[in-house]
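This report refers to the structure that appears directly beneath it.
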Amino acid sequence: MSRISWKIAFGLSLVILLSACGGGEGENSTQGEVNNGNVGSEGSEGSAGGNESGGAIVKPQTNVERALKSGDALLVTDAQEYVQHSEKLIQSYQSQFNRIKRAINADTTSLSWDPTHDAAIISPIYGFNDSILKTNKALQSGYEDQQLTLGIAGEYGESGRYVVLGSNPFRTASRSPASLNSDMEQWLENLIVWLNGRGVSDSTNIAMAHLDQSHYFPDESATREWFDKRFDQAVTYNQAGNCDGAQLLSCIEARPNVLVLSQHLTDEQDLPKIETALRRALELEIPIFYLHLDGGMTSLGRSVFSLLNINYVGDNYWRKLAISDWQPNELLDYIPDEVSQQQALLEKLADDTFSIDLSLCDDKSCPSEANMDEFYQPANSIRQQLKSLDEQGRDLFNTEQYEYEKLLVLTADYYRSKVTFPMDKLNTERVEFLRSYYADYAQYNSRALNHAQPDMGNFSRSRFDEHVQRISKTVSLESKRNFRSAGVYALPGETFYVTRLDSEPVTTKIVINTLRSGATHEFSDHAYNRPKLVTSHAYEVKSGETMRLTSSYGGPIQVHFSANNYDVALKFEGVAQHPVWRSREDNLTFVEQLNANLFDWAELITPGFEVHSKSEKMVESISAPEWNHPEDMALATERYVHNLPHALAGLQGPGIDSIEDIHTYAINKGWQVETIDVVKHMNADQANCGYGCSGNPYDAYWAFHPLGHGDLHELGHGLEKGRFRFTDWDGHSTTNYYSYYSKSRYYAETGKVSACQSLDFKSQYELLQTSRQQADPNAYMAAQNQTSWSWGARVFIQIMMQAQSQGVISNGWHLLGRLHIVEREFNRIKADEALWLANRDKIGFSSYSRDEANAISNNDWLLIAFSTVAERDMREYLDMWGFSFSDKAKSEVSAKSLSAMPLSYFASSGIGYCLDEFAQREIPVDGLTVWPL
């Protein structure tokens, strides 16, 4: 493509280099996307001046221009150079779009237009185009007036121009002449003249394509009528429909003065041909006037918006935003707020003029008086802006587009090269702290050159020497939500490639690392000890495509899936092999690789659970005396972390036992058993909160152990239910049963003891005994206000022991599984009136209306649910603990005519419930019996 430069005055004369139709070498060059400008000093590459001999004189490129072309941020000596260049670029955009607006706004002072509810709100992409028309009035009561974009204009190449409107003003004028005022009519005429590049005359030919012609949308006829009326039939058009679909290309080749286009599409199969024609229109720089149809998006509309770099914001259906006595020159000198804030951030990073007080921050957060919004607001907008492009796989530095975004990335790259960890909010110079922080936020991996961060603190080493082989490896995975490890490693600063070899209908994305941002506690003392945001964005790789990524951090590569049970094959090139255990064949090599200490991360992968661990912690994990081989730990992980806790939660799925006490019982009752089929994860590294923090992944400072209480506790947070807590009980009172159950099963199956929390059953029993000596035992127990997690755990364990002792269930722990299934059934059926009425009897809530079910207290729900699953009247038994219930709940239980649960207790040593003392020694709650142990 040819390029042209023209001068824009803003103090100095600057040359603006505009590429036509994505003139770079990357993927954008074939898409016909319109191009934003690149600013350089006069005479830079692409511009030429004459000398006496007629030869061209080309001024050498500046360091910034070289960096923009190469993507190498280290070609400058000071980040201030990027800031200054960015300032000039912003001024050049401002001048360019002022010129466009002045041409379109000529002879207009006050615009009014009701685009109707059949309109779309849109937004420009900075550097490519700008808003030329904004709403200022909400015609629907209850909605606030808003300034949102209805019109956008842009330029590209030598003469390419385009305008996008969120509705069709010619249709609205046809249906309601009062929808436009005279200034708006003049504004539209100016717009056509600007698009055409000259006045409209008899030689003006307009091609009209994909305009609807229906009762509500007579766009085809209304548009022609307006042109004929406004220009006194001076223009010519194609026959209606003759430029639609496959015929559009021939209309484009005829070189019309303007292409008027909408998103009406009758045959989806025509879309590829239409897109080809539109790219050709961009190559020929034919002016495009797009008039949006209705408020939503069609596939054709999405294609046009992509090609013209327009964002769809939403439908105007409810807000009914309009333009009322609005002055279009308000948009002169306009710079988006987020761009102004971003530029201010770059300037403050360069000269440290922040008003931020880091000393007020703690852990991961800052109070408002610390003024960190001065950083966070622009940094987050930059992160989102770059994320959108990065995830699309746009290599910014392989195109002449996106100069503004390149400067944001290069500035971050430069600061990243200077980082030294650890940092401290008090002892590290504030600007150095914030420069590193900015580098964390402005990551960009869809490119070839991305220097490794020289110092990554305690996350990882930066250099991987010749002992680490660069390999190619094909990885086959059965897709599972949410993600699975690829089992290969991205080396920092080194490009790797991923090719998808399968054609399964599952969205597949590549992500580097698994760590949550909160695991870096940057505002704790000396705790900014690694990059904050080490987990990358998610990059979709489609069937047959090859993706290129380069991470400055590197790390274990993960594969995210949108659905389960598809066989996906990925070929990785330029990666390394860190310690990974997948099967018994890896037993020896896994240990050898860990001992070689060539990587800082290792992974243990089982079908249902994956451990992503710092290498030294993984060494600790596999060195536990319980395991002869890593395989032993893996088998224990699959059974005691994946299988049994989820079975206890009343779930079924791959690798989860079907327990007769739970699953068969529920099916016989007509209850649905929910299936879980996700892979869960643990990061053995730093915790997001406390010493360990729940989630998927959950993370912790400790080394993973499949029978570790901390590991099973955090897993339990993902399984517990708030409805299982009696009034005012501590949040952790329902967390640990899954840990206790796995430990009890481990003892039963191996005869080995796994460390179990000690619970004080003796003192609890003695308090119950004291209550029986009072005039009102229930009131006495209630007054004790026992709400701790330990108290709650003991109460539930006692109920489970009672159920086992009564012969209701073979293993008392399984009562919790029944309770889980009833809770899910309760939530499922109360979502719909008819469903509730048809099924409430099955779960024991026969007398409850749906409204009453939605309003039920935890205490009442637990009384009824426990009575149902334990098949015993629990009123007196739960009264013994000091709980209170409504008359309605007690009546519901009374109507079941169940045998009463005995008022007794089971003696156990502190950890006996994890061993063989479960429901073994029953003692009465009679106010007299002495603790027997």
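What you are looking at is a predicted structure, and each value in this text was computed from that prediction instead of being measured.
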- Message: Determine whether the aromatic ring centres of residues Trp581 and His629 are separated by less than 6.0 angstrom.
- Response: no
- Task: Taking the side chain as every heavy atom from C-beta outward, state whether Leu570 and Leu501 have any atom pair closer than 4.5 Å.
- Result: no
- Query: Any side-chain heavy-atom pair from Pro531 and Tyr553 closer than 4.5 angstrom?
  - Reply: yes
- Task: Look only at the side chain of Ser613 and the backbone of Met618, and say whether a donor-acceptor pair between them is shorter than 3.5 Å.
- Result: yes
- Message: Name the residue from Lys532, Lys364, Arg530 that meets the salt bridge (charged side-chain N to carboxylate O under 4.0 Å, His left out) definition with Glu522.
- Response: Lys532
- Exam field: side chain Arg66 to backbone Leu75, donor-acceptor pair closer than 3.5 Å: no
- Message: With a 4.5 Å cut-off on side-chain heavy atoms, are Lys480 and Asn565 touching?
- Response: yes
- Task: Using distance alone, with no hydrogens and no angle criterion, decide if Asp440 and Tyr528 have a side-chain donor and acceptor under 3.5 Å apart.
- Result: yes
- Query: Do Leu360 and Cys366 have side chains that get closer than 4.5 Å, going by heavy atoms?
  - Reply: no
- Please determine if Glu540 and Lys509 form a salt bridge, counting it only when a charged side-chain N lies under 4.0 Å from a carboxylate O. no
- Task: Compute the centroid of each ring, for Tyr438 and then for Phe375, and state whether the two points are separated by less than 6.0 Å.
- Result: no
- Query: For the atom pair CD (Gln392) and OG (Ser306), what is the distance rounded to the nearest 0.5 Å?
  - Reply: 7.0 Å
- Sort out for me which residue in Gln443, His451, Gln453 forms a side chain to side chain donor-acceptor pair (under 3.5 Å) with Ser552. Gln443
- Message: With a 3.5 Å distance limit and no angle check, can you tell me whether Glu65 reaches the backbone of Thr62 through a side-chain donor-acceptor pair?
- Response: yes
- Query: Salt bridge between Asp600 and Lys614, side-chain N to carboxylate O under 4.0 Å?
  - Reply: no
- Sorted by chain and number, sequence neighbours left out, side chain to side chain donor-acceptor pair (under 3.5 Å) with Arg481 holds for none
- Item | Quiz item: cation-pi between Lys617 and Trp702, 6.0 Å / 45° | no
- Query: Distance-only, no hydrogens or angles: does the Asn513 side chain make a donor-acceptor pair with backbone N or O of Leu515 under 3.5 Å?
  - Reply: no
- Task: List for me each residue that meets salt bridge (Lys or Arg N to Asp or Glu O under 4.0 Å) alongside Glu391, sequence neighbours excluded, and say none if there are none.
- Result: Lys387
- Polar side-chain atom of Asn529 near backbone of Pro422 as donor-acceptor pair, under 3.5 Å: no
- Message: Donor-acceptor pair, distance only, cut-off 3.5 Å: does the side chain of Thr550 make one with the backbone of Leu449?
- Response: no
- Query: Is there a side-chain contact between Thr535 and Arg516 (heavy atoms, below 4.5 Å)?
  - Reply: no
- Query: Hey, is the main chain of Pro454 close enough, under 3.5 Å, to the side chain of Ser462 for a donor-acceptor pair?
  - Reply: yes
- Message: So does Thr420 get a backbone contact from the side chain of Asp455, meaning a donor-acceptor N/O pair under 3.5 Å?
- Response: no
- Please tell me if the side chains of Gln341 and Leu345 come closer than 4.5 Å, counting only heavy atoms from C-beta onward. no
- Who passes ring pair (Phe, Tyr, Trp, His ring centres under 6.0 Å) against Phe609, sequence neighbours left out? Phe704
- Query: About how many Å separate CD of Gln84 and CG of Leu89, when rounded to the nearest 0.5 Å?
  - Reply: 13.5 Å
- Item | Those residues that, when tested against Asp413, pass salt bridge (Lys or Arg N to Asp or Glu O under 4.0 Å) (two or more places apart) | Arg416, Arg447
- Asn380 and Arg383 side chains, donor-acceptor separation under 3.5 Å: no
- Task: Take Glu374 and Lys348, measure what salt bridge (charged side-chain N to carboxylate O under 4.0 Å, His left out) needs, and give me the verdict at the end.
- Result: CA-CA 10 Å; Glu374 194 175 320; Lys348 290 173 183 177; 3.1 Å; yes
- Would you tell me whether Thr520 and Gln686 have side-chain atoms, one donor and one acceptor, within less than 3.5 Å of each other? no
- Roughly how far, to the nearest 0.5 Å, is CD of Glu347 from CZ of Phe354? 10.5 Å
- Query: Taking atom types as modelled and ignoring hydrogens, do the side chains of Asn445 and Tyr539 form a donor-acceptor contact shorter than 3.5 angstrom?
  - Reply: yes
- Query: Under 3.5 Å, is there a donor-acceptor pair linking the side chains of Glu81 and Thr77?
  - Reply: yes
- Name all residues meeting the salt bridge (Lys or Arg N to Asp or Glu O under 4.0 Å) criterion together with Asp567; count only those two or more places apart in sequence or in a different chain, and write none if there are none. none
- Item | Distance-only donor-acceptor check, side chains Tyr404 and Gln342, under 3.5 Å | yes
- Measure the CG-CG distance between Asn427 and Asp525 for me, rounded to the nearest 0.5 Å. 8.5 Å
- Are a donor atom and an acceptor atom from the side chains of Ser446 and Asp395 found within less than 3.5 Å of each other? no
- Does a donor on one side chain sit under 3.5 Å from an acceptor on the other, for Tyr437 and Tyr376? yes
- Flag side-chain contact, heavy atom, 4.5 Å: Ile557 against Val575: yes
- Query: Can Tyr566 and Asp502 be counted as having a side-chain donor-acceptor contact under 3.5 angstrom?
  - Reply: no
- Which pair of non-hydrogen atoms, one from Asn482 and one from Asn696, has the smallest distance, and what is that distance? ND2-ND2, 4.3 Å
- Query: To the nearest 0.5 Å, what is the distance between CG (Leu358) and CE (Met423)?
  - Reply: 11.5 Å
- Message: Under a plain distance cut-off of 3.5 Å, with no hydrogens placed, do Ser503 and Ser543 share a side-chain donor-acceptor pair?
- Response: no
- Message: Just by distance, no angles: are the side chains of His612 and Asn683 close enough, under 3.5 Å, to form a donor-acceptor pair?
- Response: no
- Proximity of Tyr489 and Phe599 rings by center, below 6.0 Å: yes
- Looking at NZ of Lys406 and OH of Tyr82, how far apart are the two atoms once the value is rounded to the nearest 0.5 Å? 12.0 Å
- Item | Backbone of Ser583 reached by a side-chain donor or acceptor of Asp586 within 3.5 Å | yes
- Item | Within residues 463-474 or reaching into it, pairs that qualify as salt bridge (Lys or Arg N to Asp or Glu O under 4.0 Å) - sequence neighbours excluded | Arg470-Glu494
- Do Ser479 and Glu504 get their side chains close enough for a donor-acceptor pair, meaning under 3.5 Å? no
- Strictly by modelled atom types, are Ser485 and Glu603 linked by a side-chain donor-acceptor pair under 3.5 Å? yes
- Message: Is it true that His681 and Gln558 share a donor-acceptor pair across their side chains at a distance under 3.5 Å?
- Response: no
- Do Gln385 and Glu405 have side-chain atoms, one donor and one acceptor, less than 3.5 Å apart? yes
- Item | Flag side-chain contact, heavy atom, 4.5 Å: Phe464 against Leu598 | no
- Message: For a quick check under 3.5 Å, do Gln593 and His578 share a side-chain donor-acceptor pair by atom type?
- Response: no
- Of the options Tyr444, Phe128, Phe397, Tyr126, which is the one that meets Tyr402 in a ring pair (Phe, Tyr, Trp, His ring centres under 6.0 Å)? Phe128
- Message: Between Lys542 and Glu545, does any NZ, NE, NH1 or NH2 come within less than 4.0 Å of an OD or OE carboxylate oxygen?
- Response: no
- Do any N or O atoms from the side chain of Ser417 and from the backbone of Tyr414 form a donor-acceptor pair under 3.5 angstrom? yes
